[in-house]
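After the structure tokens below, expect a handful of questions from me.
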Amino acid sequence: VQLQAYGGGLVQPGGSLRLSCDVSGFSLDDDDYAIGWFRQAPGKEREAISCISPSDGFTNYADSVKGRFTNSRDNAKNTVYLQMNSLRPEDTAVYYCAADTDYGGSDYGCPPSIEYDSWGQGTQVTVSS
């Protein structure tokens, strides 16, 4: 299983970015998997910000990004997206996607961070004027 996150960059406050996470090694149509997005700012702990169950579209968000960030997926491309709008300086961080390859299903909500067992490399998002 491999994941690759990309699409980060420098954006002004209030701007938007879309991150992508290409997945290989399994199909997003399979209901055994969930994809999570995480971020880590300098000097801070890693924060779980969202998850998506690509097989049924279930998604959930941390309060810090709710209403501003949106998960989506293109199962044909085996890619998950994180649309980030109304970006703030405090959103500056390295963003990661990760997979839970033994997902219990959307009835259980987002997996706890410890359940994610495959990680992609991060992509830097900087929000600054």
Side-chain angles (χ1 to χ4, degrees):
V1 174
Q2 289 188 322
L3 300 94
Q4 183 172 355
Y6 55 95
L10 173 64
V11 63
Q12 292 187 340
S16 298
L17 279 175
R18 188 177 78 161
L19 304 184
S20 301
C21 177
D22 288 342
V23 177
S24 60
F26 66 87
S27 169
L28 294 184
D29 289 327
D30 192 325
D31 58 9
D32 289 338
Y33 300 93
I35 304 296
W37 286 98
F38 298 79
R39 66 185 181 185
Q40 188 164 21
K44 294 188 176 181
E45 292 189 355
R46 187 176 64 199
E47 177 188 14
I49 58 174
S50 74
C51 81
I52 183 169
S53 170
S55 63
D56 64 7
F58 165 82
T59 189
N60 203 5
Y61 304 91
D63 288 343
S64 58
V65 304
K66 195 171 293 183
R68 301 187 296 124
F69 290 12
T70 304
N71 274 316
S72 63
R73 83 284 194 201
D74 185 333
N75 287 15
K77 295 183 177 179
N78 240 36
T79 299
V80 171
Y81 304 99
L82 184 68
Q83 178 67 41
M84 306 186 296
N85 298 329
S86 302
L87 283 162
R88 306 166 179 167
E90 54 264 39
D91 294 318
T92 295
V94 178
Y95 284 69
Y96 302 87
C97 59
D100 175 357
T101 62
D102 190 23
Y103 183 46
S106 57
D107 287 347
Y108 297 92
C110 286
S113 297
I114 196 172
E115 294 295 324
Y116 289 92
D117 51 354
S118 295
W119 292 79
Q121 90 292 348
T123 184
Q124 176 71 45
V125 173
T126 302
V127 185
S128 175
S129 55

Tyr108 reachable from Tyr61 in the ILVMFWY side-chain graph, under 4.5 Å edges: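 Shared cluster, no.
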
Side-chain donor or acceptor of Asp22 paired with backbone N/O of Ala5 under 3.5 Å: no

message: Do Pro89 and Pro13 have side chains that approach each other closer than 4.5 Å (heavy atoms only, starting at C-beta)?
response: yes

query: What is the minimum heavy-atom distance between Val125 and Met84, and which atoms define it?
result: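 Minimum heavy-atom separation between Val125 and Met84: CG2-CE, 3.8 Å.
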
query: Of Leu28, Asp30, Asp74, Thr59, which meets side-chain contact (heavy atoms from CB on, under 4.5 Å) against Pro54?
result: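 Passing option: Leu28.
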
- prompt: Do you know which two heavy atoms are closest between Ser16 and Asn85, and how far apart they sit?
  reply: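 What the structure gives for the nearest pair is OG-OD1, 2.9 Å.
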
task: Ignoring hydrogens and angles, tell me if any N or O in the side chain of Ser53 forms a donor-acceptor pair with the backbone of Ala34 under 3.5 Å.
output: no

message: Using side-chain heavy atoms (C-beta onward) and a distance below 4.5 Å, is Ser64 in contact with Glu47?
response: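 Contact flag for Ser64/Glu47 side chains = yes.
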
Cluster link Phe26 to Trp37, ILVMFWY, side chain under 4.5 Å: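 Same cluster.
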
query: Under a 4.5 Å cut-off applied to non-hydrogen side-chain atoms, are Gln2 and Val23 in contact?
result: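 The answer is no; the side chains never approach within 4.5 Å.
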
Donor-acceptor under 3.5 Å (Asn71 side chain, Cys51 main chain):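 Pair found, side chain donor or acceptor close to backbone of Cys51.
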
task: State, with a plain yes or no, whether a side-chain heavy atom of Leu82 is found less than 4.5 Å away from one of Ile49.
output: yes

- request: Assess whether side-chain contact (heavy atoms from CB on, under 4.5 Å) is satisfied between Ser27 and Asn78, documenting all intermediate values.
  value: CA-CA 6 Å; Ser27 169; Asn78 240 36; 4.3 Å; yes

- prompt: Do Leu3 and Ile35 have side-chain heavy atoms sitting under 4.5 Å apart?
  reply: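 When only atoms from C-beta onward are counted, Ile35 and Leu3 do touch, with a gap below 4.5 Å.
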
- prompt: If you look at every heavy atom in Val94 and Gly122, which pair is closest and at what distance?
  reply: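 It is CG1-CA, 3.6 Å.
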
query: So, the side chain of Ser86 versus the backbone of Arg68: is there a donor-acceptor pair under 3.5 Å, distance only?
result: no

query: Any luck finding a side-chain donor-acceptor pair between Gln83 and Ser72 under 3.5 Å?
result: no

query: Is there a side-chain contact between Leu17 and Leu87, using heavy atoms and a 4.5 Å cut-off?
result: yes

message: Strictly below 4.0 Å, N to O, side chains only: are Lys66 and Asp63 in salt-bridge contact?
response: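 Asp63 and Lys66: salt-bridged.
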
query: Taking the side chain from Gln124 and the backbone from Gly8, do they hold a donor-acceptor pair closer than 3.5 Å?
result: no

- prompt: Side chain of Thr79, backbone of Lys77: donor and acceptor closer than 3.5 Å?
  reply: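 Between the backbone of Lys77 and the side chain of Thr79 there is a qualifying donor-acceptor contact (under 3.5 Å).
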
- request: Would you check if there is a donor-acceptor pair between the side chains of Tyr81 and Arg18 at a distance under 3.5 Å?
  value: no

- request: Apply side-chain contact (heavy atoms from CB on, under 4.5 Å) to Ser106 and Asp56, showing your working.
  value: CA-CA 8 Å; Ser106 57; Asp56 64 7; 2.7 Å; yes

query: Distance only, no hydrogens: is a donor on one side chain within 3.5 Å (strictly under) of an acceptor on the other, for Thr101 and Asp117?
result: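 Checked: Thr101/Asp117 side chains pair up, N/O donor to acceptor below 3.5 Å.
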
Near-ring test Tyr116/Phe38, centroid separation under 6.0 angstrom: yes

message: Less than 6.0 angstrom separating the ring centers of Tyr103 and Tyr33, yes or no?
response: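 So the answer is no for these two rings.
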
- request: With side-chain contact (heavy atoms from CB on, under 4.5 Å) as the test, would you mind laying out the steps for Val80 and Cys97 before giving the verdict?
  value: CA-CA 9 Å; Val80 171; Cys97 59; over 6 Å; no

message: Looking at Arg39 and Ala93, would you say the former's side chain and the latter's main chain have a donor-acceptor pair under 3.5 Å?
response: no

field: N/O donor-acceptor pair under 3.5 Å between Asn60 side chain and Ser50 backbone
entry: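 Checked: no pair found.
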
task: Check the angle between the aromatic planes of Trp119 and Tyr96 and answer parallel, tilted or perpendicular using the 30° and 60° thresholds.
output: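 Geometry flag for Tyr96 against Trp119: perpendicular rings.
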
task: Is it possible for you to say whether Val11 and Tyr95 belong to one hydrophobic cluster, with membership spreading through side-chain heavy-atom contacts below 4.5 Å?
output: yes

